[in-house]
Amino acid sequence: MLVMAFNGSPRKNGATAKLLHKALEGAASQKAETEFIQLNELNMKGCQGCYSCKKRGGKSYGKCILKDDMTPIYKRIEQADALFLGTPIYFHSVTSEMQMFIERLYPYCNYKGYSSNFPRKVKIGLIYTMGADDQQMEMWYRKYTKMRQAVISWAMGAAEAETLISTDTFHVNDYTKIVADLLEPLVDRKSKHKHQIFPQDCKKAFEMGARFTIQDTTA
Ligand SMILES: Cc1cc2nc3c(=O)[nH]c(=O)nc-3n(C[C@H](O)[C@H](O)[C@H](O)COP(=O)(O)O)c2cc1C
């Protein structure tokens, strides 16, 4: 069993990384091999829209012709049983690192019948962190995260997919050091959230990692 996590945050020790590591700990608790990839450290581009991966009768069909740090990752994810994609919300969207990674999954999208060229039945966990509180998340992001889950499930022909959303995270550890008069009044609430809710989100991430890794012995 191989379980991989991709961190879309440039911060290696931020909230997203913590949740992804928890998911991998959960997978490791079920004896999975785990791998954490910091997308920001990869030298890669987004999809170039060349459609080589869709070329009729072409040998590049289902494959990306770009040669960069994503190239070996295709081989690796094709061996994985579960993939966790984690990203902070930046400007009401995923980060540019995560967007690039998702775009590069395009070779797996199969337009013959909305199926997938991905060779395995993989489980997908999507993890989001955000400064927004629960109410703002429902208003701004719930629908968006559902759409993302649906489209990534199609691209990857996912056996299962789940989304975990962690709200009200800290932008920085010390708000007095940045110019953020708008955010400073939120610090008390965010602090409570950090100590009471975030640990629960970590537990949920751990459980998702373990659940995705437990072998189905009924088959
Ligand atoms: C450039 C930038 C844009 C952001 N935009 C949003 C946003 O649109 N909505 C939101 O809720 N939080 C936004 N945030 C806050 C981050 O989503 C939040 O702090 C996140 O948990 C950071 O994750 P990390 O600790 O893993 O880096 C933004 C942060 C940055 C740096």
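One-based numbering, in listed order, for ligands and for the atoms of each. Source: prediction; values computed, not measured.
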### Task
Sort and list the pairs that fulfil salt bridge (Lys or Arg N to Asp or Glu O under 4.0 Å) and have at least one residue in residues 63-74, not counting sequence neighbours.
D68-R104
I'd like a table of donor-acceptor pairs (distance under 3.5 Å, sequence neighbours excluded) in which one partner is a side-chain atom from residues 119-127, with atom names and distances.
{"unit_1": "R120", "atom_1": "NE", "unit_2": "A80", "atom_2": "O", "d": "3.0"}
{"unit_1": "R120", "atom_1": "NH2", "unit_2": "D81", "atom_2": "OD1", "d": "2.6"}
{"unit_1": "K121", "atom_1": "NZ", "unit_2": "G157", "atom_2": "O", "d": "3.2"}
{"unit_1": "K123", "atom_1": "NZ", "unit_2": "F212", "atom_2": "O", "d": "3.4"}

### Message
So Q149 and W154, do their side chains get closer than 4.5 Å, heavy atoms only?
### Response
no
### Query
Linking I/L/V/M/F/W/Y whenever their side-chain heavy atoms sit closer than 4.5 Å, directly or via other members, would Y74 and I152 fall into one cluster?
yes
### Message
Residue by residue, ordered by chain and number, which ones reach under 4.0 Å of ligand 1 with a heavy atom?
### Response
S9, R11, G14, A15, T16, P88, I89, Y90, F91, H92, T129, M130, G131, A132, Y141, T169, F170, H171
### Query
Honestly, is K203 close enough over F198, meaning NZ or CZ under 6.0 Å from the six-membered ring centre and within 45° of the axis?
no
### Residues forming a salt bridge (Lys or Arg N to Asp or Glu O under 4.0 Å) with E33, sequence neighbours excluded
R76
